[in-house]
Amino acid sequence: MLEQAKSLLEETKNFSAKSIEEVEAFRIKVLGSKGELKKLFAEFKSIPNEDKKEYGAVLNQLKEAAQDRVNELKAALADAVTSADDKMDLSRPVNAELGSRHPISIVKNQIIEIFNRIGYQISEGPEIEDDWHNFTALNFPPEHPARDMQDTFFVAKNPDMALRTHTSSVQVRVMENNQPPIRTISPGRVYRNEAISARAHCFFHQIEGLYIDKNVSFADLKQTLLYFAKEVFGEETKIRLRPSYFPFTEPSAEMDVSCSICSGKGCNVCKYTGFLEILGCGMVDPNVLENCGIDSKVYSGFAFGMGVERIAQLKYNVNDLRLYSENDKEFLSQFKAEI
Ligand code: PHE
């Protein structure tokens, strides 16, 4: 028994712990109401008289040592926790700058909101697209120059796949999977193989719109776009439609808005024409409707597509497209006040 008490004393002196839980387990094992010390004290009567003195002394030492050790270790571990906490001063003012929304996101969200208000849903699709959705379904003849290597990034080893050159591809997907009435806008990133300069980039953002129903006319297109132009550039804005060509619309047009900088009087931004080109549009070609499983004798529709960078350029007077993708903090921080 004496030996047992002595070895427990030794163990106690050498005991160390990494957590409060370990210390507590040790306390219960040695000092607890069913612990070792209790058992050793209970053996006192069976100890030969001549050993009782030493045995009693060892037990007292053990009790004291165990209590001291437990207190010491608990205090040390609690200190360690507090000193880690000390490093985290929660009252210290935050020194990190808050970011701001990217101008492209701001303008994109505004445009989405304008069309949401008149019932347009949002549709999205893949950026790596097959030939059918990006070109063929949209009535691009096989020899059309837009399919050319100079404009399109094709996927190596698979000439059927390319980075989409416009989000009209998403509208094909919507038409294939839904019957009219369809009212949708497709925001997204698009890619074209162009040399990067102030006026062109190899990727940019588009928002394309599509409305298909019975009896949709060019007048509906015009009214929708006038509403849009006024919402973005102000109530005074005028629009102008010029005949144009797209394989997927017939008739097609390009839309100009009166220059918001000089109010149509003529300045260097509008090159003294008083108007700025902002989007392409037209009545969806019946071939496209048929390609997508929509009866062109029953339904008609219009489509339009615009570059978000172009709208942002006009709203914020940003004249170099490269600024949008350079992550320049000075540039981006100017949009902090916008939502
Ligand atoms: N898809 C055309 C483009 O990328 C824009 C457009 C959309 C034109 C819809 C007409 C109708 O330039």
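Only this structure's heavy atoms are used, side chains among them; waters, hydrogens and symmetry mates stay out. Counting starts at 1 for both ligands and their atoms, following the listed order. Predicted model only: the values in this text are computed from it and were never measured.
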### side chain to side chain contact (heavy atoms under 4.5 Å, CB included) partners of P141, counting only residues at least two apart
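Expected list: E143, H144.
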### Task
Return the set of residues passing side chain to side chain contact (heavy atoms under 4.5 Å, CB included) with S197 (not counting sequence neighbours), or none when no residue passes.
R199, A200
### Query
Any side-chain donor paired with an acceptor under 3.5 Å for T165 and N134?
yes
### Task
Quick one: sort the F140 and F135 rings into parallel, tilted or perpendicular, breaks at 30° and 60°.
perpendicular
### Query
Do F248 and H166 have their ring centres less than 6.0 Å from each other?
yes
### Set of residues that line ligand 1, where lining means a heavy atom lies under 4.0 Å from it
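Residue list for ligand 1: H166, S168, R192, Q206, E208, F246, F248, T249, G280, C281, A303, F304, G305.
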### Query
What pairs with Q179 under side-chain hydrogen bond (donor to acceptor under 3.5 Å, both in side chains), at least two apart in sequence or on another chain?
none
